[in-house]
Amino acid sequence: MDPINHPVLKRSGGQIEGDTVRRTWNSSIQIDRAAAAPLTVQIVGALTERIRAGLLKPGEALPGTRELATQLGVNRKTVVQAYDELTSQGWLTSHARRRTSVSAELPILRKEQRVTTAAQQLAGRLAEPGYEAYGRPLAPSADVQLDLIDFTDGAPDTRLIPFEDLSKAFRIALIESARGNRMGYGDPRGLPLLRRELAAMLRGERGLNADEDSLCVVRGSQMGIYLTAKLLVRAGDGVAMEQLSYPPARDAFRACGGTIHNLEQDEQGVIPESLEMVCRAHRIRAVYLTPHHQFPTTVTMPLDRRLRILALAEQFDFVVVEDDYDHEFHFSHNPVLPMASLDQGGRVIYIASLSKILAPGLRVGYVVAPPAIIDRLASEIMLIDRQGSIVTERAAAELLLNGKLKRHIRRALKEYEQRCQLAVRAVEQRLGSMASVTAPGGGLALWVRFTDTYDTVGLAQRALEGNIRVLPGSTFCDSAFTVHALRLGYGSMNEHEFRGGVERLFELITRDSR
């Protein structure tokens, strides 16, 4: 008989734990009294199929024989015989003074295992996911997580979050949204209040000519990058990026059909002449840049190069996608304004987020672009997740409105600037004989350059065995080109934690050199 059409045991209610059965189990087996198979055989077959499918879990209790017989409208002896038969076959276990349950020792292929196997087979027919090259191969096994020292790519320290301010903002957001009946569907561009407050902040602090209609809230900057790529790029379109750049952004453009063209860079970031050469040789639709703190090398692009790139955008008709992922954390008293603030022709799509300010897990990013592009982004969002969290967006707006976010930024900036100085000093003291580091103008990570003969990829692999996770420079490269450098995030660590990690790296390098 087709398993799909086999008599089945139906259950309503919630999870069953151990031998506890919810009284709302409300079981029924579709009994076919006209069938040749006896009722006992039908019950045995139905329960067996449910167990094989993983719908009845090992150790899960079944209804009592009297209860099941009443629900099925059969003699209790019929159910007793079915249970006895299943117990003798090893499917069920009978307990004295307790309900009969599914055997906990069944050597069968459960539904979850079958699904996992099928998913693995499907994945094998697909292209390798891009994020594998960025993080997964250097992810430690579960048994080393507790003692792991993780030099992230520049994550913030969530311990610095103003939890009381944040909790109050969420409480206000939840109460206001619920009482005002505003927890339904809303604008896919994001909560209007948050968009207005973000736009006001961008106008006052970053020089962007932004307003409510030229800003779209997204779930983190990566979502903004992907949606922008989807709008700009079609199969075969050229996208220019620095040789060393942010891997998930590169993967996003490739996923949308883009062909990546690598640009040369130096100690000041991308070289405009390299971009011009690429534009003369290929049709370039978009150029992805991180000019404020180049990812991963941390350098800030000077004004003359920014203006030159904007001129090239007009000349060769491409769009600059500016990823300003950590604008708030610049240690100069005169921070450099975004390229988007210089844009007069609508050539720059500006992407940023509140992730580095608060926590990546809150997932609040935004895209600034001409209203026509924002409307297109909203259409794409409608196809993906409809909208973000109204409560989270209202809480973020509250922190902007009451000034608590700005106060937190000032405090966090002082802390991160001090951590940066201490991190540079720690690297110079312990790794100075084999590596060099230049104090960055901001951000939450260092770019540590080793001698040309040192194998930083091998170091990263060996470090993981010692519960240290680092990102070698080659991780950010789009070719087989060897990069003798490490990106060491210091933002998520205090001085003691960072120094301890550098000390363990030094011990590992010293041991390898013996």
Side-chain angles (χ1 to χ4, degrees), residues 1-126 129 132 136 139-146 148 361 385:
M1 182 179 292
D2 184 349
I4 296 178
N5 297 318
H6 195 285
V8 293
L9 182 66
K10 296 182 178 179
R11 177 179 64 177
S12 64
Q15 293 289 331
I16 299 178
E17 298 180 0
D19 291 334
T20 302
V21 178
R22 296 187 185 274
R23 291 303 179 186
T24 55
W25 213 79
N26 195 23
S27 310
S28 67
I29 291 177
Q30 296 175 356
I31 297 296
D32 185 359
R33 298 183 183 277
L39 297 180
T40 299
V41 174
Q42 293 186 40
I43 296 172
V44 168
L47 289 172
T48 301
E49 285 300 321
R50 296 283 286 187
I51 296 171
R52 284 184 178 277
L55 301 177
L56 288 173
K57 306 292 185 183
E60 186 170 322
L62 299 181
T65 55
R66 191 184 306 278
E67 179 184 350
L68 184 56
T70 300
Q71 293 177 14
L72 300 181
V74 299
N75 191 292
R76 181 187 178 194
K77 289 183 180 180
T78 302
V79 178
V80 171
Q81 290 173 355
Y83 276 19
D84 288 344
E85 179 63 24
L86 289 167
T87 301
S88 66
Q89 294 180 16
W91 294 101
L92 303 182
T93 301
S94 180
H95 307 278
R97 299 181 180 178
R98 293 164 64 188
R99 292 181 183 270
T100 300
S101 64
V102 179
S103 174
E105 305 296 333
L106 286 178
I108 61 173
L109 181 64
R110 300 187 179 93
K111 178 182 178 182
E112 299 97 312
Q113 295 171 315
R114 292 204 302 273
V115 171
T116 299
T117 301
Q120 290 172 341
Q121 293 173 347
L122 174 62
R125 297 194 294 269
L126 302 177
E132 291 287 347
R136 289 289 294 278
S141 58
D143 59 344
V144 301
Q145 291 277 4
L146 293 179
L148 175 69
D385 66 350

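Across Leu56 and Glu60, no two heavy atoms sit closer than the pair CD2-OE2, 3.6 Å. Contact between Ser103 and Gly90 at its shortest, heavy atoms only, is CB-O, 3.3 Å. Residue Leu47 comes nearest to Tyr83 through the heavy atom pair CD1-CE1, 4.0 Å, listed as atom of the first residue, atom of the second, then distance. Between Ile43 and Ala82, the shortest heavy-atom distance links the atoms CG2-CB, 3.7 Å.
Here Glu67 contributes atom CD and Leu72 contributes atom CG; the two are 10.5 Å apart, rounded to the nearest 0.5 Å. A distance of 5.0 Å separates CD1 in Ile31 from CD in Gln42, rounded to the nearest 0.5 Å. Between the CG atom in Leu92 and the OG atom in Ser101 there is a gap of 7.5 Å [rounded to 0.5 Å]. A distance of 10.0 Å separates CG in Asp84 from OG1 in Thr40, rounded to the nearest 0.5 Å. Rounded to the nearest 0.5 angstrom, Ser94 OG and Leu62 CG are separated by 10.5 Å. One finds the OG1 atom of Thr70 at 9.5 Å from the CZ atom of Arg76 (value rounded to the nearest 0.5 Å).
At least one side-chain heavy atom of Leu39 sits under 4.5 Å from a side-chain heavy atom of Arg33.
For the residue pair Gln89 / Glu85, a side-chain donor-acceptor distance below 3.5 Å is found, with atom types taken as modelled.
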